Amino acid sequence: MASNDEARRDGIPAYDAQAIEAKWQGVWEREETFKARDDSGRPKKYVLEMFPYPSGDLHMGHARNYSIGDAMARQARMRGFEVLHPMGFDAFGLPAENAAIKHNTQAASWTYQNMDTAVATMKRMGFSYDYDRLVRTCDPDYYKWGQWAFLKMWEKGLAYRATSPVNWCPSCNTVLANEQVVDGKCWRCGSVPEKRELSQWYLRITDYAQELLDDLDKLEGWPENVKAQQRNWIGRSEGAEIDFALAKEDGVTPSNRLITVFTTRPDTLYGTTFFLLPPESPLAAELVSGTEYEEAYLDLKKSVEQVSSVDRQGSEREKHGVFTGRYVINPLTEQPLPIWVADYILMDYGTGAVMGVPCGDQRDFEFARKYGLDIPPIIAQKDDPLYEELKDERELRVRNVDWDRAMAAEGYLIQSGPFTGMLGGKHSPAVDAITEYLFERCIGRKTVQFRLRDWLISRQRYWGNPIPMIHCDCCGDVPVPYEDLPVTLPDDLDLGAGETLAEYAPFYETTCPKCGKPAKRITDTMDTFTCSSWYFLRYCDPHNEEEPFSKELAKRWMPVDNYIGGIEHAILHLLYSRFWTKVMRDLGLLDFDEPFTNLLCQGMVKDANGDTMSKSKGNVVPPSSVIDPYGADTMRLAILFIAPSEKDFNWDEEVVAGANRFIKRAWRIVWGLSQTADANAALDVAKLDKQGRELFRRMHELGIRCTADFDRAQFNTAISAVMELVNDASGYLNNVAIDRRDAALTFVVARTIVSMLSPICPHWGEELYHEALGLEGSVYDEPWPEFDAEMAKAATVELAVQVMGKVRGRIDVAADASRDELERAALEAVGNLIAGKTVRKVIVVPGRLVNIVAN
RNA sequence: GUCGGAGUGGCGGAAUUGGCAGACGCGCUAGCUUGAGGUGCUAGUGACUAACUUAACGGUCGUGCGGGUUCAAGUCCCGCCUCCGACACCA
């Protein structure tokens, strides 16, 4: 190419990305440049990207994720930190098993092959991982410790087995955790799960619900939306439990049997006109059993079972209900309330029983309308005529109203006994007063409900970490002794023929560790999210054979300072990891509460039209399509420059071409500067000519900006600062003859450009550091340049002169000019505009502007 | 419905504490370089705009919409609109 010929003529070598990148990748590997030292005296920085699932080669999303992390890790090293920057693979999971079934091979071979491919691509991208710490979750020396943690939780009562209705995915042939049912569908395959009554294994994450919620407030380095999603998911709700006595068959005489409801609005108790149970409720079945109401009830129950959970969702759906023929007694009014079974009531929230308040709750309102139940008003706004009419009414006078929807949730209580006139609503004085009143009479109490359910971790699949439990007919569920860990996953199942662990006798046949009789091993494996809940701890001490990680090394490296990954893990992975960390803390292994100090969720990489890339759409841009023609450094630069890290962007070939243009231009400019650069020359600012002084000043100004941008992980603007410095250096080379350039200045500017871009374009940086600047060692051992705010100050500055807030002129003044001088210069500059007017006020903002108020 | 986030040129996007809106890049325009340009370099590029031979200079408007506070608002306050995301019959 002509440009290269021309470059050579100037004594500047061509930028050959492929050769340079291969060379430095070799050097880094040989020299172990990025090995994290447990015992160095430097302060630590733990930079972590979410490890990938090895489903094939890496895609653009990975490239973006790891480019962000690598820029952080490399810059942190230059800032003097000992950096832990590890990588691994979330290697268990269904795709490997499905691929093995399809190709009649073993899941392990498919997985290890993909991991090798991915590692090769990571190395081609030049990521600065400490590969000695590579963690693969399917390695027995890793999953052994997952089993160990399970047993510890079993001992503490945090792991248990229970039989309950669970989500069964018919396509994956396994159960799913609540969190893994997304939009009513399986998170992995999109099929609609069925409810099945099964015996399954759980982790008691609900024990930590309050702490998981409270500690979100500590996470200042997390994005607001992730914290909000977790808060929603945990779903804390304050309210009261209220006991209603079941009426005897006569419908009016209270029995001894109590049915408890949960409500956030005990203040609306006076407006309760009916009582609700879900179709699945055993109590409902019992109440109608053998009565004339049983048939209608069974019909409703059956129709609900037939409606999939997707269709059952959403408030648009019409509500259905049947009367049970029985009543409960309102504990305050002592009025009987009919018990209905309704399909909008959930069995697994609250107590599984609800008081119906049709005037204040839109759902109850719709239900009451449909079935002709009374809607007595018990809450009103002050400007409502109803308020005037009933504000002093303590008894229930108006039994029904003619509205078309429920009223606002907040207002003043009417027809509400001694509470009439109080302000009602969520967390209102009336709620407190009635709750207290109920508590004194032993018919209610303050309580807190969570939406969060325990974590269902058992999966009926082969390619996962076996649950280390044995079932003995005499002794029940018995843990595998610690010395027998790991329970190793067999590698010779005939997956192609559909063989499962449950059918594979060499695995499940065993003896009871307690009584020695023949017993059966549990053949369920653990949810893969258990493996990813603590891998960041294993990186601290990856080869430990005695324990999952040593306390000392966890203390050395944890918590993760910067965690980078996709927003799709906002709930699942991040919540589970927080839980696991707290459990490890309570086991005495950790001395902190939260694993990830700062979290960055990078945006998605979409195609040029804004569609998500997918194999089925055929619009995937593989990383190799950029590395092959341009090199990894261009790719990294383009990916970080195109948009802020947390935003989605559409793939744009022009941006890649532009990034390549810049990297080559910066290459030429550094080489150009190097022609006169002398590393040993002392810089004397006073001796610099005007252009030299200005370039030096700009270097400090832009360096300060660039450093701040790295600190807040805003790489697009960090790069733009380097671009500006390259532009300024280019101007210097164009305008200052070679024999008049300052040797110390050209050196320091060249080195600064190289340093500032090296975290992003590492091979480029190392090559220039050695070849153009003639320096020894690695650019990553070079400290990040120091920038000085004093040096960044200009001798003279241009200020805007405003009249009444509009820019009307400009003045060039000394940077240290006094306010009086500025005011005088400004008044003079716009003298003709304010002639004949009275100057009321002059606002002087040093370094920025002068505003004259005159009329 | 609830919770979170965002609306800035033709495009991606900049803009500490209120202080010259549009940095940087893409694209586009013109010129130079070149046998050629899918290279490089130089200059220009928010919209509108009277008088004037032309141009420079200037003027008006401009950060989703409408109000407000202020010498000064993309930024603060009040009221809307639109888009994106999460959860959703959670009592």
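Model, not experiment: these values are computed from the prediction. Residue numbers start from 1 in every chain, and the chains themselves are labelled A, B, ... in the order their sequence lines are given, proteins ahead of strands.
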Are any of [X]'s side-chain N or O atoms less than 4.0 Å away from OP1 or OP2 of [N]?
| X | N | answer |
| --- | --- | --- |
| A/R705 | B/C24 | no |
| A/R665 | B/C41 | yes |
| A/K806 | B/C61 | yes |
| A/K647 | B/G13 | yes |
| A/N734 | B/U42 | yes |
| A/K426 | B/A91 | yes |
| A/T717 | B/G13 | no |

Any cation-pi pair here, A/K664 with A/Y15, using under 6.0 Å and within 45°?
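No, a cation-pi geometry is absent between A/K664 and A/Y15.
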Determine which nucleotide pairs with [N], using a 3.5 Å limit on both distances of a Watson-Crick or G-U wobble pair.
| N | value |
| --- | --- |
| B/G25 | B/C11 |
| B/C71 | B/G19 |
| B/G1 | B/C87 |
| B/C52 | none |
| B/C32 | B/G40 |
| B/U60 | B/A47 |

Report which part of the nucleic acid [X] touches: base, sugar-phosphate, or nothing (heavy-atom distance under 4.0 Å, all strands).
| X | result |
| --- | --- |
| A/R236 | nothing |
| A/Q362 | nothing |
| A/V354 | base |
| A/N727 | sugar-phosphate |

Within the distance-only criterion (no hydrogens, no angle test), does the side chain of A/W764 pair as donor or acceptor with the backbone N or O of A/I663 below 3.5 angstrom?
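Checking the backbone N and O of A/I663 against the side chain of A/W764, a donor-acceptor pair under 3.5 Å is found.
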Side-chain (A/Q230) to main-chain (A/L213) donor-acceptor, under 3.5 angstrom:
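No; judged by distance alone, with no hydrogens or angles, the pair does not exist.
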Taking atom [atom1] of [X] and atom [atom2] of [Y], what is their separation to the nearest 0.5 Å?
| X | Y | atom1 | atom2 | value |
| --- | --- | --- | --- | --- |
| A/S730 | A/I669 | OG | CD1 | 4.0 Å |
| A/M355 | A/D361 | CE | CG | 10.0 Å |
| A/I234 | A/I205 | CD1 | CD1 | 8.0 Å |

Among [options], find the nucleotide with the atom closest to the side chain of [X].
| X | options | answer |
| --- | --- | --- |
| A/R668 | B/G40, B/A86, B/A91 | B/G40 |
| A/R808 | B/G59, B/G13, B/A15 | B/G59 |
| A/K841 | B/C71, B/A88, B/C24 | B/C71 |
| A/R661 | B/G40, B/A91, B/G25 | B/G40 |
| A/Y349 | B/A91, B/A23, B/C41 | B/A91 |
| A/R810 | B/G25, B/A91, B/C20 | B/C20 |
| A/S237 | B/C3, B/G12, B/A91 | B/A91 |
| A/V807 | B/C90, B/A23, B/C20 | B/C20 |
| A/E224 | B/G4, B/C87, B/A14 | B/G4 |
| A/Q714 | B/C24, B/C61, B/A14 | B/A14 |

How long is the line joining [atom1] of [X] and [atom2] of [N], in whole Å?
| X | N | atom1 | atom2 | answer |
| --- | --- | --- | --- | --- |
| A/D217 | B/G4 | CG | P | 13 Å |
| A/I852 | B/C20 | CD1 | P | 16 Å |
| A/I345 | B/C90 | CD1 | P | 9 Å |
| A/E366 | B/G1 | CD | C1' | 12 Å |
| A/L702 | B/A23 | CG | P | 15 Å |
| A/Q602 | B/G85 | CD | C1' | 16 Å |
| A/R840 | B/A72 | CZ | P | 15 Å |
| A/R363 | B/U2 | CZ | P | 13 Å |

Is the glycosidic angle of B/G44 within 90° of 0, making it syn, or outside that range, making it anti?
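Chi for B/G44 falls in the anti range.
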Of A/V845, A/D812, A/L849, A/V813, which is the lone residue that meets side chain to side chain contact (heavy atoms under 4.5 Å, CB included) with A/L799?
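Of all the options given, the one that passes is A/V813.
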Kindly say whether the aromatic ring centers of A/F367 and A/F274 come within a distance under 6.0 Å.
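Centroid separation for A/F367 and A/F274: below 6.0 Å.
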Let's test your reading of the model: under 3.5 Å, does the base of B/C87 pair with the side chain of A/N232 as donor and acceptor?
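Side chain to base: no pair present.
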